[in-house]
Protein chains: 2
Amino acid sequence: MEGAVCPVARSLDVIGDWWSLLIVRDAQYGLRRFGEFQKSLGVAKNILAQRLKHLVDHGILETQPASDGSAWQEYVLTEKGRSLFPILVALGQWGQAHCFEAGEPRTRVLDKAHGQPVKPLEVRAADGRVLTVQDVRLERPATQG
Amino acid sequence: MEGAVCPVARSLDVIGDWWSLLIVRDAQYGLRRFGEFQKSLGVAKNILAQRLKHLVDHGILETQPASDGSAWQEYVLTEKGRSLFPILVALGQWGQAHCFEAGEPRTRVLDKAHGQPVKPLEVRAADGRVLTVQDVRLERPATQG
DNA sequence: AGGGCCCGGTTTCGTTATGCAACCCGTTGT
DNA sequence: ACAACGGGTTGCATAACGAAACCGGGCCCT
């Protein structure tokens with residue numbers, strides 16, 4: 001799917017597996033070390049190593065020499081990685097709205113300043129109108145798969 | 001991961017594989033029939049059947065008796081499925097910004113009314129301020145994995 | 001400076017998911 | 001009635017995934 005003309009397909013090629021986005025989510029919230037990710041996610045170490053390498057290869061994470069003085073390396077988000085934030089928020093809002101029973105405990109993303117949940121994302125036109133899927137169309141470059 | 005407290009993880013449990021979101025994307029743009037999905041995605045038929053069943057089981061698609069008079073069924077999005085729209089837009093915008101060379105052809109999502117691309121998504125606080133990942137914090141219910 | 005213990009992986013191997021192709025059956029068109 | 005098509009299911013080969021063992025190099029304590 002490397003040559004797909006659809007940006008959604010290209011994104012999924014990079015972050016479309018189960019663990020990658022969860023790693024990015026944890027990285028957004030400050031995790032940096034191999035062991036931290038492993039403990040937080042409960043993923044097998046070989047898989048984690050593989051995914052971290054994948055994310056580094058695609059420029060979403062980069063390795064840094066240290067930070068606490070130890071000789072090991074850390075994984076930190078690049079600008080490309082930080083710009084995945086809206087995707088994580090979108091997934092979180094959808095999951096919260098549709099994948100929980102009422103009253104079931106869940107984590108929430110809160111505005112640090114006032115402790116309020118963030119607003120539901122809205123797709124807007126250039127002039128600010130809120131758009132649904134019926135209000136948009138797809139422009140294809142040539143032939144599309 | 002069924003019992004995860006993180007809404008992102010729950011979402012990925014439902015739509016976190018390679019094909020599901022692409023099926024939903026095509027459904028958003030009007031595809032309904034098994035054969036249409038298969039032709040558009042190029043996916044093996046057994047995998048497609050499995051994914052469609054999964055999406056139906058999770059209430060994202062539902063089967064309808066007909067529409068062109070033929071005896072077969074169609075797959076159409078439910079409200080839950082339609083509400084995945086912002087996720088697809090977020091993925092599309094990110095992919096477009098970070099996974100293409102300049103000038104490389106790509107599909108685009110355009111506002112039907114004016115033919116303009118949609119605005120980049122913004123995460124906003126309840127009071128309307130645009131938020132980055134540094135401006136938010138995570139509230140955990142009890143213990144989190 | 002020697003011995004044990006973490007951190008950060010890699011290797012091995014069994015299990016599961018994925019993909020291709022062949023097959024099947026009811027529908028539809030002629 | 002017969003051929004072709006739409007909509008799957010079944011079997012088998014292959015690739016991804018996952019658990020656990022292993023391993024080397026830093027670190028830590030004495």
Side-chain angles (χ1 to χ4, degrees), chain A residues 1-4 9 11-27 30-58 60-77 145, chain B residues 1-4 9 11-27 30-58 60-77 145:
Chain A
M1 287 295 195
E2 310 255 304
S11 296
L12 291 175
D13 192 43
V14 179
I15 52 162
D17 70 284
W18 173 247
W19 294 115
S20 293
L21 266 179
L22 293 179
I23 292 169
V24 171
R25 175 202 63 175
D26 281 354
L31 270 54
R32 299 167 155 241
R33 296 287 282 265
F34 187 96
E36 290 179 322
F37 290 114
Q38 212 237 319
K39 186 178 166 199
S40 165
L41 299 170
V43 59
K45 296 204 286 183
N46 52 352
I47 304 295
L48 178 58
Q50 189 178 306
R51 287 293 175 279
L52 288 172
K53 181 175 182 339
H54 179 82
L55 292 171
V56 169
D57 287 349
H58 283 82
I60 290 167
L61 295 175
E62 58 189 358
T63 52
Q64 276 187 0
S67 106
D68 65 344
S70 74
W72 291 297
Q73 65 184 357
E74 296 181 340
Y75 298 90
V76 299
L77 289 169
Chain B
M1 287 296 193
E2 310 255 303
S11 295
L12 291 175
D13 194 43
V14 180
I15 52 163
D17 71 282
W18 173 247
W19 294 115
S20 292
L21 266 180
L22 292 179
I23 292 169
V24 171
R25 175 202 63 175
D26 281 355
L31 269 55
R32 299 166 155 243
R33 297 287 282 264
F34 188 96
E36 291 178 322
F37 290 115
Q38 212 236 320
K39 186 178 165 203
S40 165
L41 299 171
V43 60
K45 295 204 287 182
N46 53 352
I47 303 296
L48 177 58
Q50 188 178 306
R51 288 294 176 278
L52 287 171
K53 180 173 182 342
H54 178 82
L55 291 171
V56 169
D57 287 348
H58 282 82
I60 290 167
L61 295 174
E62 59 188 359
T63 51
Q64 275 188 359
S67 106
D68 65 344
S70 73
W72 290 296
Q73 65 182 358
E74 297 180 339
Y75 297 90
V76 299
L77 288 168

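Remember, it's a predicted structure, so these values are computed and weren't measured experimentally.
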F37(A) versus I23(A), closest heavy-atom pair with distance: CE2-O, 3.6 Å
Exercise: identify the closest heavy-atom pair between I15(B) and S20(B): CA-CB, 4.2 Å
Whole angstroms only, please: what is the CD-C1' distance between Q38(A) and dG8(C)? 10 Å
Here the pair of heavy atoms bringing V14(B) nearest to H54(B) is O-NE2, 3.0 Å
As a test of reading the structure: which of dG8(C), dG7(D), dG19(C) is closest to the side chain of W72(A), going by heavy atoms? dG8(C)
Looking at W18(A), does any N or O in its side chain come under 4.0 Å of the phosphate oxygens OP1/OP2 on dA16(D)? no
At their closest point, which heavy atom of D13(B) faces which heavy atom of W18(A), and how far apart are they? N-CZ3, 3.1 Å
Apply side chain to side chain contact (heavy atoms under 4.5 Å, CB included) to residues W72(B) and E74(B) and explain how you reach the verdict. CA-CA 7 Å; W72(B) 290 296; E74(B) 297 180 339; over 6 Å; no
What pairs of donor and acceptor atoms, side-chain ones from residues 44-51 of chain B against any protein atom, are under 3.5 angstrom apart with sequence neighbours left out?
| unit_1 | atom_1 | unit_2 | atom_2 | d |
| --- | --- | --- | --- | --- |
| R51(B) | NE | D17(B) | OD2 | 2.5 |

Scan residues 42-52 of chain B against DNA chain D and write down, sorted by residue number, each residue with any heavy atom closer than 4.0 Å; if none is found, say none. K45(B), N46(B), A49(B)
Take the protein atom CD of Q64(A) and the nucleotide atom C1' of dG8(C), then report the distance between them rounded to whole Å. 17 Å
dG26(C) P sits how many Å from Q73(B) CD, rounded? 16 Å
Helical bend (five base pairs per end, nearest 10°) for the helix from dA1(C)-dT30(D) to dT30(C)-dA1(D): 30°
dG7(D), OP1 or OP2 - any side-chain N/O from Y75(B) closer than 4.0 Å? no
Whole-Å distance separating the CG atom of L41(A) from the P atom of dC17(D): 15 Å
NZ of K39(B) to CG of L31(B): how many Å apart, nearest 0.5 Å? 9.5 Å
Using OP1 and OP2 only, check whether a side-chain N or O of R33(B) sits under 4.0 Å from dG6(D). no
Rounded distance (Å) that lies between atom C1' of dC17(D) and atom CG of L12(B): 17 Å
Nucleotide dG7(D), atom P - distance to CZ of F34(B) in whole Å: 8 Å
Write down the atom of V43(A), the atom of Q38(A), and the distance for their closest heavy-atom approach. O-NE2, 3.2 Å
Which atoms form the tightest heavy-atom contact between L61(A) and A27(A), and what is the distance? CD2-CB, 4.3 Å
Report the distance from atom CD of E74(B) to atom P of dG8(D), rounded to the nearest whole Å. 12 Å
To the nearest Å, how far apart are K53(A) NZ and dC17(D) P? 15 Å
